[in-house]
Amino acid sequence: MFNKIYFKTLPSTNLYLKENYKFLPDGTVVICNNQTAGRGRFGRVWEMEEGSNIAISILLKPEINIERISRLSLLTSAAMYNTLSKYSNNVTIKWPNDILINNKKVCGILLESIISKSIDALIIGIGVNLNADNVPDYLKNKATSLYLETKKFHDKDKVINEILNSFKKLYNSYLKGNELYLNICKEHSSIIGKEVRINGEQVIVCDIKDNGNILVTNGLKEIEYAYGEVTIDYDYQRTT
Ligand code: BT5
């Protein structure tokens with residue numbers, strides 16, 4: 001399914017696919033060793049230490065209903081859970097796009113879509129702190145790497161293949177209408193039952209719904225979010 005293209009350095013693997021998706025087939029995977037302008041959601045920065053970490057983007061051109069697109073973030077989170085939990089304990093998924101180990105972020109996912117009359121391209125970017133023995137100072141409280149958590153180096157190509165294999169299994173079943181990844185996201189959620197802030201409001205997370213949205217309560221009423229920024233209470237305590 002996957003056709004891999006390797007680069008030594010790119011500004012951003014997602015950006016590369018955004019600029020070139022027209023000429024590339026469904027299933028193209030861009031991998032780079034050094035990403036100089038990695039991006040997160042809402043225009044935020046994604047840091048990457050040259051050589052030791054993973055930056056990949058997957059190009060998809062599926063014929064699916066537009067409303068099912070956002071679920072691919074959760075599907076990718078589940079694939080990342082399946083992969084990283086082979087190497088470490090205490091891997092959890094922070095809805096919708098963060099993977100944590102021991103409550104610190106080890107992986108982020110950026111889903112971008114290009115839509116005209118139908119879906120022209122979906123781009124799923126995955127950044128993993130793999131073998132870095134450090135994270136930038138300003139992220140020390142909330143970021144980690146697989147190496148820092150396991151004290152072992154991990155074979156980058158092997159981990160990338162495992163990510164892609166796990167993604168492929170879940171994605172093929174998603175294309176047939178099955179949402180297998182949802183159970184993984186619920187079972188290994190870092191936020192269900194917890195008090196968090198979502199878009200600034202203090203709430204308790206009740207569930208992840210079948211449509212991929214999160215259901216929370218503020219004590220007075222239940223609210224459903226399709227996307228948003230979740231801050232876990234211990235983050236709040238650390239940063240205040
Ligand atoms: C994400 O955004 O977590 C999505 C990150 C996606 C990165 C991949 S790498 C391959 C592909 N190409 C790209 O250009 N991007 C994708 P968000 O939820 O907005 O989180 C961003 C926030 O995470 C930042 O504001 C920092 O607080 C934090 N952060 C930045 N770099 C980090 C890192 N290496 N490890 C952990 N946290 C980080």
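Just follow the structure's listing: the first ligand is 1, and inside any ligand the first atom is 1.
- Ordered by chain and residue number, the residues placing a heavy atom less than 4.0 Å from ligand 1 are Ser12, Thr13, Asn14, Gln35, Gly38, Arg39, Gly40, Arg41, Arg44, Val45, Trp46, Glu47, Ala55, Ile56, Ser57, Asn97, Asp98, Lys105, Gly108, Ile109, Leu110, Gly125, Ile126, Gly127, Asn129, Leu139, Lys142, Ala143.
- Below 30°, between 30° and 60°, or above 60°: for His154 and Tyr87 the angle between ring planes is above 60°, a perpendicular geometry.
- Remark: Lys104 does not engage Glu149 in a salt bridge, criterion side-chain N to carboxylate O under 4.0 Å.
- Because its NZ or CZ atom is both nearer than 6.0 Å to the ring centre of Tyr174 and within 45° of the ring axis, Arg68 counts as a cation-pi partner of that residue.
- Lys140 and Asn134 share a side-chain donor-acceptor pair at under 3.5 Å.
- Taking the six-membered ring where tryptophan is involved, the planes of Tyr81 and His188 are essentially parallel, since the angle between them stays under 30° and well short of 60°.
- Note that the OH atom of Tyr225 and the CD1 atom of Ile198 stand 5.5 Å from one another [nearest 0.5 Å].
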